[in-house]
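See structure below.
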Amino acid sequence: MKIIQLQLYVLICCQYTVSDLLTDLGSNVIINCDLDENEVYWILLKTAAPPTVILRSFQTPIPPFYTNDIFRKKYSVQFKHRLVINNVTADELGVYYCMNTHAPPKLSNSTRIYFNESTVLTECHNHTVTDYTEQNQTQCQIIIIILGLMNGLLVVVVVGLVKVFVVGKRRSEEQLQQINANLQQTQVTEQHLDQLHYAEVDFSKLRRNIRFSQINSTYAALNLPKS
């Protein structure tokens, strides 16, 4: 609720005197607070944006209270609530007020920080170059990742083809050896069958001869001796 009230007070009291402070990009800036108060708020007002309460400063040796931890890197407080802005960039440009923390509200004379045109152009150019460089780096990283994936896929395909070729060659050799073994076995079987055939023919002749010899022997035994 206090933050909303402070914003309303700032919007109402914007008619206070504004002093311009020209500075360079990256320099440190010190802004005085002309209020004699024990505690004050430091407020930043930018164009087309609501007022931003940066910190609360104390007269006693108490560290300031920051409304956002991001402000710790940029803002600090010296004696008599003097605000220090470190390494000024375009984000810190605007109108600065110090304001008391109790009612009725009191605002100090405001200070507007701005750069000269050459500094602004240089900063814009640096931002453009930085964005372009980051974009190129991102594109290069994407291309490198894609090339890596393609190379990995190519290696997998080549290894697969080599395995298929080697396995196919081995199978062809095994099939050829199996065919040769079957042919050799067939030839041996045919030779064996031929030998069995000739043996059977010889055995038939032998039986025939034996039969004729038995018949002759039997006939000789039946012949009676002549008287």
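Count residues from 1 along the sequence. Computed from heavy atoms alone, side chains included, the values below leave out hydrogens, waters and symmetry copies. Only a predicted model underlies this, so the values are computations on that prediction, with no experimental measurement involved.
Residues His81 and Gln59 have side chains that bring a donor and an acceptor to within less than 3.5 angstrom of each other. Of the N and O atoms on the side chains of Gln141 and Thr138, not one donor lies less than 3.5 Å from an acceptor on the other residue.
Distance alone, capped at 3.5 Å, places no donor-acceptor pair between the Lys46 side chain and the Pro51 backbone. Of the possible donor and acceptor atoms, one in the side chain of Thr67 sits under 3.5 Å from a partner among the backbone N and O of Ile54. Side-chain N or O atoms of Tyr96 include none that pairs as donor or acceptor with a backbone N or O of Asn32 at under 3.5 Å.
Here the closest non-hydrogen pair linking Val18 and Ser110 is CG2-OG, 2.8 Å.
Both Tyr66 and Val88 are members of a single hydrophobic cluster when ILVMFWY side chains are connected at heavy-atom separations under 4.5 Å.
Sorted by first and then second residue, the pairs that involve residues 17-80 and meet disulfide (SG to SG under 2.5 Å), not counting sequence neighbours, are Cys33-Cys98. For residues 43-87, there are no disulfide (SG to SG under 2.5 Å) pairs, not counting sequence neighbours.
For Asp20, the side-chain hydrogen bond (donor to acceptor under 3.5 Å, both in side chains) partners two or more places apart in sequence, or in a different chain, are Arg112. In terms of the salt bridge (charged side-chain N to carboxylate O under 4.0 Å, His left out) criterion, Lys80 has no residue partners (sequence neighbours excluded). For the side-chain hydrogen bond (donor to acceptor under 3.5 Å, both in side chains) test, no residue two or more places apart in sequence or in another chain qualifies with Asn151. With sequence neighbours excluded, no residue forms a salt bridge (charged side-chain N to carboxylate O under 4.0 Å, His left out) with Arg82.
Side-chain contact check for Glu37 versus His102: some heavy-atom pair is nearer than 4.5 Å.
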